[in-house]
Asks: 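Below: one structure in structure tokens.
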Amino acid sequence: MMTQTAIATLTKPALSPAEVLFFHEEGYLGPFAAVSQEEMAEIRQHIDTQVINSPGPNPNTTLQSRHMDSRVVFDLANSPAIIDRIECLYGSDLILWATNFFNKEPGGKEIPWHQDQNYWPLEPIINISAWIAIDDVKIDNSCVQILPKSHKHVVPHIPAKDGMAFGEEADEKYFKKDNLINMELKPGQFFLFNEKLLHHSEPNRSTRRRMGMSMRVTLPIVRIKQDGPPLHPGHAGILLRGEDFMGFNRLQEPPVTG
């Protein structure tokens with residue numbers, strides 16, 4: 001007969017109550033490992049040779065929505081280390097609605113301070129993101145910088161300064177950068193963050209590429225405006241766990257190959 005201790009071990013959640021509270025108070029959590037560095041080396045090679053150099057679902061870029069046509073990308077986004085933790089934070093009905101590769105070559109532009117919700121086609125805006133390191137991500141090659149607790153307020157966005165990678169940025173009159181964290185990651189590591197957490201990355205001043213993949217997860221109660229910017233015609237999400245009990249959004253089955 002299985003003991004109560006053994007049952008508790010089998011059902012132990014991926015996040016402790018203290019970690020859940022930390023996420024809600026600070027707006028982020030991590031880093032954690034999604035896959036090992038050895039596994040990421042194989043995934044990186046596949047992404048470089050089979051994914052980002054070939055056309056994908058979005059005719060305007062090869063870097064977006066590859067969860068729709070690449071099994072390798074989908075499996076990375078669906079890593080239990082990521083989704084088990086997201087389930088602890090957002091419940092058991094989860095939809096993967098976006099994936100993006102952020103490929104910053106040496107000399108790549110600064111990404112301004114921003115809150116992701118400013119750009120997103122969600123109603124209501126409920127989302128959790130994971131940023132997964134494909135490469136080794138350090139300060140010198142432009143790791144993501146975050147501001148803990150900045151998710152507690154919506155910050156106005158204004159036209160971005162010249163030379164930025166985005167067209168809009170958070171108005172710096174409304175926040176301070178005294179407590180920023182440099183989110184350095186080894187290949188295969190990730191961190192989770194809230195849709196309102198202010199984040200940013202410097203220009204890539206190193207001689208090394210910095211690639212990461214972001215994945216966005218929402219709930220069935222959220223309507224995704226799928227056919228216009230910043231998404232694209234034919235966009236589809238994928239149900240990761242649970243049930244799509246509302247049926248608002250275009251979903252597809254996970255890709256089989258790619």
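Source: prediction; values computed, not measured.
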Asks: With rounding to the nearest 0.5 angstrom, report the CG to CD1 distance, Asn53 to Ile47.
Replies: 11.5 Å
Asks: May I have the step-by-step check of side-chain hydrogen bond (donor to acceptor under 3.5 Å, both in side chains) for His200 and Gln145, ending in yes or no?
Replies: CA-CA 5 Å; His200 160 270; Gln145 298 177 322; 2.7 Å; yes
Asks: Would you mind checking if Asp227 and Arg250 are paired as a salt bridge, meaning a charged N to carboxylate O distance below 4.0 Å?
Replies: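 A salt bridge links Arg250 with Asp227.
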Asks: With no hydrogens and no angle check, just 3.5 Å: does a side-chain donor-acceptor pair link Glu168 and His157?
Replies: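 Checked: Glu168/His157 side chains show no N/O donor-acceptor pair below 3.5 Å.
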Asks: Please check if the number of heavy atoms outside Glu42 that lie under 6.0 Å from its CD is greater than 12.
Replies: no
Asks: Compute whether any side-chain donor of one residue and acceptor of the other, for Glu39 and Ser36, lie under 3.5 angstrom apart.
Replies: yes
Asks: Please examine the side chains of Val137 and Glu184, heavy atoms only from C-beta on, and report whether any two atoms are closer than 4.5 Å.
Replies: no
Asks: Heavy-atom count check: over 12 atoms from other residues, nucleotides or ligands less than 6.0 Å from Lys196 NZ?
Replies: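 Atom NZ in Lys196 is packed in, count exceeds 12.
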Asks: Please confirm whether the backbone N or O of Val51 pairs with a side-chain atom of Ser54, one donor and one acceptor, at under 3.5 Å?
Replies: yes
Asks: Determine whether more than 12 heavy atoms belonging to other residues, nucleotides or ligands lie under 6.0 Å from atom NE2 of His24.
Replies: yes
Asks: Is there side-chain contact between Trp120 and Ile224, with at least one heavy-atom pair below 4.5 Å?
Replies: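 Result no, sub-4.5 Å side-chain heavy-atom pair not found.
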Asks: Once rounded to the nearest 0.5 Å, what's the spacing between atom CZ of Arg85 and atom CG of Leu15?
Replies: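 Arg85 CZ to Leu15 CG: 6.0 Å, rounded to 0.5 Å.
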Asks: Are the side chain of Asp84 and the backbone N or O of Ser79 linked by a donor-acceptor pair below 3.5 Å?
Replies: no
Asks: Apply side-chain hydrogen bond (donor to acceptor under 3.5 Å, both in side chains) to the pair Arg71 and Thr257, showing each step before the final yes or no.
Replies: CA-CA 5 Å; Arg71 184 71 195 202; Thr257 60; over 6 Å; no
Asks: Does the Gln117 side chain pair with the main chain of Val154, one donor and one acceptor, at a distance under 3.5 Å?
Replies: no
Asks: May I ask you to decide if Ser65's main-chain N or O and His232's side chain share a donor-acceptor pair within less than 3.5 Å?
Replies: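 Flag not set: sc His232 to bb Ser65 has no pair under 3.5 Å.
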Asks: State whether Lys152 and Glu25 are salt-bridged, where the test is any N-O pair (Lys NZ or Arg NE/NH1/NH2 against Asp/Glu carboxylate O) under 4.0 Å.
Replies: yes
Asks: Between Glu195 and Arg216, is there a salt bridge with N-O shorter than 4.0 Å?
Replies: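 No salt bridge links Arg216 with Glu195.
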Asks: Counting only N and O atoms by type, is there a donor-acceptor contact under 3.5 Å from the side chain of Gln252 to the main-chain atoms of Met68?
Replies: yes
Asks: Counting the benzene-type ring for Trp, do Tyr28 and Phe23 have ring centres under 6.0 Å apart?
Replies: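 Centroid distance Tyr28-Phe23: not below 6.0 Å, so no.
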Asks: Could you state the interatomic distance from CD1 (Ile238) to OG1 (Thr99), rounded to the nearest 0.5 Å?
Replies: 8.0 Å
Asks: Calculate, to the nearest 0.5 Å, the distance between atoms OG and CG belonging to Ser201 and Asn141 respectively.
Replies: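 CG of Asn141 is found 10.0 Å from OG of Ser201.
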Asks: Is a donor on one side and an acceptor on the other found under 3.5 Å between the side chain of His235 and the backbone of Pro233?
Replies: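 No; judged by distance alone, with no hydrogens or angles, the pair does not exist.
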Asks: Is any side-chain N of the basic residue among Asp48 and Arg209 closer than 4.0 Å to the acidic one's carboxylate O?
Replies: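 Judged by the 4.0 Å cut-off on N to carboxylate O distance, Asp48 and Arg209 do form a salt bridge.
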Asks: Please determine if Lys225 and Glu123 form a salt bridge, counting it only when a charged side-chain N lies under 4.0 Å from a carboxylate O.
Replies: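 Not counted as a salt bridge, because no side-chain N and carboxylate O are separated by less than 4.0 Å.
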Asks: Apply side-chain contact (heavy atoms from CB on, under 4.5 Å) to the pair Phe245 and Ile221, showing each step before the final yes or no.
Replies: CA-CA 8 Å; Phe245 49 83; Ile221 60 170; 3.9 Å; yes
Asks: One thing to verify: whether Asp135 and Arg44 come together as a salt bridge, which I'm taking to mean a side-chain N less than 4.0 angstrom from a carboxylate O.
Replies: yes
Asks: When rounded to the nearest 0.5 angstrom, what is the spacing between CG in Asp116 and NE2 in His151?
Replies: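 Between Asp116 CG and His151 NE2, I get 14.0 Å after rounding to 0.5 Å.
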Asks: Using side-chain heavy atoms (C-beta onward) and a distance below 4.5 Å, is Gln115 in contact with Leu197?
Replies: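 Not touching, per the 4.5 Å side-chain cut-off.
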Asks: Quick one: name the residues clustered hydrophobically with Tyr174, using the 4.5 Å side-chain heavy-atom rule over I, L, V, M, F, W, Y, and just say none if it's on its own.
Replies: Trp113, Leu147, Val155, Phe175, Leu180, Leu198
Asks: Output, in order, the C-alpha distance, side-chain angles, deciding distance and verdict of salt bridge (charged side-chain N to carboxylate O under 4.0 Å, His left out) for Lys161 and Glu110.
Replies: CA-CA 10 Å; Lys161 294 182 286 290; Glu110 177 182 358; over 6 Å; no
Asks: Under the ring-ring contact (aromatic ring centres under 6.0 Å, His included) test against His199, which residue among Phe193, Phe102, Phe166, Trp131 passes?
Replies: Phe193
Asks: Run the salt bridge (charged side-chain N to carboxylate O under 4.0 Å, His left out) test on Glu172 and Lys177 for me, step by step, so that the C-alpha distance in whole Å, both residues' side-chain angles and the decisive distance to 0.1 Å come before the verdict.
Replies: CA-CA 9 Å; Glu172 294 190 9; Lys177 295 175 280 186; 3.2 Å; yes
Asks: Taking the side chain as everything from C-beta on, heavy atoms only, tell me whether Lys104 gets closer than 4.5 Å to Ile111.
Replies: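 A side-chain contact exists here, since the closest heavy-atom pair is under 4.5 Å.
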Asks: Measure from NZ or CZ of Arg66 to the centre of the six-membered ring of Phe101 and say whether it is under 6.0 Å with the direction within 45° of the ring axis.
Replies: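 No, Arg66 does not lie over the aromatic ring of Phe101.
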Asks: Once rounded to the nearest 0.5 Å, what's the spacing between atom CG of Leu76 and atom CD1 of Ile132?
Replies: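 That separation rounds to 4.0 Å.
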